[in-house]
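Notes for the one structure printed next.
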Amino acid sequence: MWNSRKVGILGGGQLGRMLVESCNRLNIQANVLDAENSPAKQISFHDGHVTGSFKEREAVRQLAKSCDVMTAEIEHVDTYALEEVASEVQVEPSWQAIRTIQNKFNQKEHLRQYGIPMADHRELVKNTSEELAEIGQQLGYPLMLKSKTMAYDGRGNFRVNSKEDIPEALEALKDRPLYAEKWAYFKMELAVMVIKTKDEVLSYPTVETVQEDSICKLVYAPARNVSNKINEQAQALARKAVAAFEGKGAFGVEMFLLEDDSLMLCEIASRIHNSGHYTIEGCALSQFDSHIRAILDLPIPAKSLEIRQPSIMLNIIGGSAPDTHLKAAEAALSIPNAAIHLYSKGAAKPGRKMGHITVTAATMHEAETMIQPLIDVVDNIRA
Ligand code: ATP
Ligand code: MG
Ligand code: MG
């Protein structure tokens, strides 16, 4: 039967949980590899889950035995374990794609061969002040010093404003493999969710993302005050970048829109992505639905990826107290058209993504008006 193949998911956080929601609606069994009672497992009762970590080879092997197609909600997985099991089970996207993408420097070196525009960057090999000072002379200041690996929510980035900041920057990111990026003077950050199927590269419309302290705060879908031409160009760039990788599924592509209206790639994620959460309410098929369909070779009508109503997504981030995220969700209970998603991660830590809210409306202006009180609440509970 079309829905009888079992999906194995590396990681049971909020992204895994939303993938399971999509699987559940199609009676597809999703086996999750993560800690006991992780958010994805809480909504999926069967005995196919695996307890352990997506960084442990043995646990990945065990998951491979229990499923037909394996996928990941996170790129920081053991790709050597994936490589080993790829002969027994289908891995989507490919372990090669995940391995290249999980190292942001390698990702950029790979994409360079495909002519994808990016901020100029240099690898550090010695991680010394002299080396970074030399790079600073080449790239100019400010520059962004970045960890090549294990980066998320800006943890792994350090803005270097001048030569004087170098010791502090190297201290902050010490013992990590590093590269430096020329500063991108963007007027807006854009993102596109791309769905790679067995024979097509599809994309959702271009959205606008707003980062605060390097963490995604808001997503406006479609991007506001962006011409159709730029919307199309951003989608084309995102599809071209994703086409450079093997395998099926959702990829999140982050971009900078520069002052002269040119586009630059910021980075790619080899998975469903925070910038695509609005698709749950905003589109006929969510990014999670599309990801599952793509990896199982089920049909994805391109029309189902269009935005049905302007949507705004607001992240609920852990604040100063363990329950502040619940206050934000409580305020959303009274907002018209607000869909609330709490991730059931337990007690909040400052900066941790605890949930999100999506407001849809007939016009973007109306959605902005409806969500403003929630943005005020979220701003007040920040750590
Ligand atoms: P994510 O959670 O999206 O995986 P990350 O930790 O991998 O984040 P990046 O996406 O590289 O980090 O950067 C986070 C944010 O920092 C960007 O969205 C952007 O706002 C800012 N940023 C990154 N690189 C640059 C740059 N070269 N110039 C200016 N700002 C930048
Ligand atoms: Mg990243
Ligand atoms: Mg990013």
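Indexing begins at 1, ligand by ligand and atom by atom, following the structure's order.
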Is there any protein N/O under 3.5 Å from an N/O of ligand 1, and what does the full list of such pairs look like?
from: ligand 1; atom 1: 2 (O); to: Asp153; atom 2: N; distance (Å): 2.6
from: ligand 1; atom 1: 2 (O); to: Asp153; atom 2: OD1; distance (Å): 3.3
from: ligand 1; atom 1: 3 (O); to: Glu254; atom 2: OE2; distance (Å): 2.8
from: ligand 1; atom 1: 3 (O); to: Glu267; atom 2: OE2; distance (Å): 3.0
from: ligand 1; atom 1: 4 (O); to: Glu267; atom 2: OE2; distance (Å): 2.9
from: ligand 1; atom 1: 6 (O); to: Tyr152; atom 2: N; distance (Å): 3.4
from: ligand 1; atom 1: 6 (O); to: Asp153; atom 2: N; distance (Å): 3.4
from: ligand 1; atom 1: 6 (O); to: Gly154; atom 2: N; distance (Å): 2.7
from: ligand 1; atom 1: 7 (O); to: Lys104; atom 2: NZ; distance (Å): 2.7
from: ligand 1; atom 1: 7 (O); to: Glu267; atom 2: OE1; distance (Å): 3.2
from: ligand 1; atom 1: 7 (O); to: Glu267; atom 2: OE2; distance (Å): 2.9
from: ligand 1; atom 1: 8 (O); to: Glu267; atom 2: OE2; distance (Å): 3.4
from: ligand 1; atom 1: 10 (O); to: Glu254; atom 2: OE1; distance (Å): 3.1
from: ligand 1; atom 1: 10 (O); to: Glu267; atom 2: OE2; distance (Å): 2.8
from: ligand 1; atom 1: 11 (O); to: Lys104; atom 2: NZ; distance (Å): 2.9
from: ligand 1; atom 1: 11 (O); to: Lys146; atom 2: NZ; distance (Å): 2.8
from: ligand 1; atom 1: 12 (O); to: Lys104; atom 2: NZ; distance (Å): 3.3
from: ligand 1; atom 1: 12 (O); to: Asn157; atom 2: ND2; distance (Å): 3.4
from: ligand 1; atom 1: 13 (O); to: Asn157; atom 2: ND2; distance (Å): 3.0
from: ligand 1; atom 1: 18 (O); to: Glu189; atom 2: OE1; distance (Å): 2.6
from: ligand 1; atom 1: 20 (O); to: Glu189; atom 2: OE1; distance (Å): 3.3
from: ligand 1; atom 1: 20 (O); to: Glu189; atom 2: OE2; distance (Å): 2.7
from: ligand 1; atom 1: 24 (N); to: Lys146; atom 2: NZ; distance (Å): 2.9
from: ligand 1; atom 1: 27 (N); to: Glu181; atom 2: OE1; distance (Å): 2.9
from: ligand 1; atom 1: 27 (N); to: Lys182; atom 2: O; distance (Å): 3.1
from: ligand 1; atom 1: 28 (N); to: Ala184; atom 2: N; distance (Å): 2.9

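The cationic group of Lys148 does not satisfy the cation-pi geometry with Tyr179, failing either the under 6.0 Å distance to the six-membered ring centre or the 45° limit from the ring axis.
A donor and an acceptor atom, one from each side chain of His110 and Gln96, are nowhere located under 3.5 Å apart. Side-chain contact annotation: His356 with Tyr278, donor-acceptor N/O pair under 3.5 Å absent. No hydrogens or angles considered: a donor-acceptor pair under 3.5 Å links the side chains of Gln42 and Ser344.
The aromatic ring centres of Phe288 and His277 sit less than 6.0 Å apart.
The side-chain hydrogen bond (donor to acceptor under 3.5 Å, both in side chains) pairs that include a residue from residues 295-305 are Lys248-Asp297, Lys303-Glu306, where partners are two or more places apart or lie in different chains. Within the structure, salt bridge (Lys or Arg N to Asp or Glu O under 4.0 Å) contacts touching residues 181-194 (residues at least two apart or in different chains) are Lys108-Glu181, Lys146-Glu181, Lys187-Asp261.
The tally of protein N/O/S atoms under 2.8 Å from the Mg ion (ligand 3) stands at 3.
With Ile268 as reference, Leu111 is the one residue of Thr100, Ile116, Val194, Leu111 to meet the side-chain contact (heavy atoms from CB on, under 4.5 Å) rule.
One distance of note links OG of Ser53 with CG of Leu33; it measures 6.5 Å at 0.5 Å rounding.
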